[in-house]
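Predicted model only: the values in this text are computed from it and were never measured.
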Number of protein chains: 2
Amino acid sequence: MAAMHRSEHDACRAWQLLMKFFFAQREHLPSSEGEFDLSPIQCHVLHLIEPGRPLPMSRLAETLSCDASNVTGLVDRLESRGLVRRQPSPEDRRVKALQLTPRGARMRAQLLRRMARRSLPLSRLSRDKRRTLVKILEALVDEGSI
Amino acid sequence: MAAMHRSEHDACRAWQLLMKFFFAQREHLPSSEGEFDLSPIQCHVLHLIEPGRPLPMSRLAETLSCDASNVTGLVDRLESRGLVRRQPSPEDRRVKALQLTPRGARMRAQLLRRMARRSLPLSRLSRDKRRTLVKILEALVDEGSI
DNA sequence: CGGAGATACTTGATTTTGTCAACTATTTAT
DNA sequence: ATAAATAGTTGACAAAATCAAGTATCTCCG
C-alpha cells in the first residue's frame, strides 16, 4: 500500500468509491419503494433498452459482462411481467432483439424521472461537477465507439 | 424525457453511465481471472474491511444497503475460506466485528495491487481526470462525514 | 430495580442472480 | 459442403438477496 504509485492509488480509490456508490444507490432505487416491484438489476436492464431501439440479447450480455444464460433468465422475468418483448431479427434468425412494451416504456420513463429527482446524491452535485462527471464517465465507458 | 430539465437529464445520464461502468468493470475483476476464487461482492467486502480496523457486521449491512441476514451469509463464506474472523465486541456483546485473518489481509493487498495495475479503463484516464473523478465520487458517497 | 422496546445477529424458507456444460438453430468462412 | 463460430435456451447448481421469526443483549424509563 505504501509502495503504491500515486496513479495506482487513485485508480484503486476510484474503484472503491464506485463500488460504494453502486451499493449506496440501491437504497434510493424505486424498487425499494414498493411502487415498482423491480430488482436493481431489472431496473438497470430496463434503463439499457431504449424505446424504439431493439437490443439484441447478446449485446445485453456483453454490457452486463455476464453469461448469455443469465440474460435468458433476466428477460424471462421481465417478459412475464409484460415489460419487454423478444423480437426475432429478420436479418439474422439467431438473434432476438429486446423491445420495451408500452407498459415497459412507461415504467422506464417513471424510473428515470424518479432517479433524477431531488435529494438523491447525484442531484446534490453542482451543475459543473455533474457535467464533468458525465464527461469523464463517457470517456471511461467509451460509448463513442458504439 | 423531452420535458426533463437539463440538470435532471445530467443526473440521469450520470446514473446510467455509473451503472454501465460498474458492470463493465466486473470483466476486469481479479475474480474473473481465476487466481482468486472470489465473487465481485466478496472482493468488495474484503476491500471494505481495512486491516486493523474491525468492522461490525451491522455497519457492513449498512454500507451494502442490504439485510443483515445477507451479511451473515457473505461472512460465513469468507470465514469458511479463512479470510475473515468474527470477533465478539467486548463493549457490546451483541456485535461481532469483522477482522481480516493474515491470509485475508494478504489477499486484500493482492487484490488492491491487481486492481490498480491492470489495464483497467481507469488507467486510461489522465492523471487530472482521475483525481477529479475521485473528488466527485467522494462528494457523492459522502465519505467526509464519516 | 424491572420490564418494554430497540438493536445485533442467526436461522429457515424462498426468489433472484450468476456460472457452467451441453444442446439446437443459424450463419460464416474455407 | 463441411467445419467453425455465434445466438440463444435448458438444466443443474452455487451464491446473493429478501423476509419472517427467533435469541441474546442492551437502553431507557417508570
Any B:L18 side-chain heavy atom under 4.5 Å of A:Q25 side chain: no
Main-chain N/O of A:L100 paired with A:R108 side-chain donor or acceptor, under 3.5 Å: no
B:T101 to B:V84 - nearest heavy-atom pair and separation: CG2-N, 3.7 Å
Residues B:K135, B:E138: salt bridge by 4.0 Å N-O rule: no
Letter per nucleotide, 5' to 3', of nucleotides 7-20 of chain C [B base touched, S only sugar-phosphate touched, - untouched; heavy atoms, 4.0 Å]: BSSBB----SBBBB
Could you check how far [atom1] of [X] sits from [atom2] of [N], rounded to whole Å?
| X | N | atom1 | atom2 | answer |
| --- | --- | --- | --- | --- |
| A:E62 | D:dT6 | CD | P | 11 Å |
| A:E91 | C:dT28 | CD | P | 11 Å |
| B:H44 | D:dA16 | NE2 | P | 13 Å |

Throw together a table of side-chain donor-acceptor distances under 3.5 angstrom for residues 40-54 of chain A, partners on residues two or more places apart or in other chains.
from: A:Q42; atom 1: OE1; to: A:S39; atom 2: N; distance (Å): 3.0

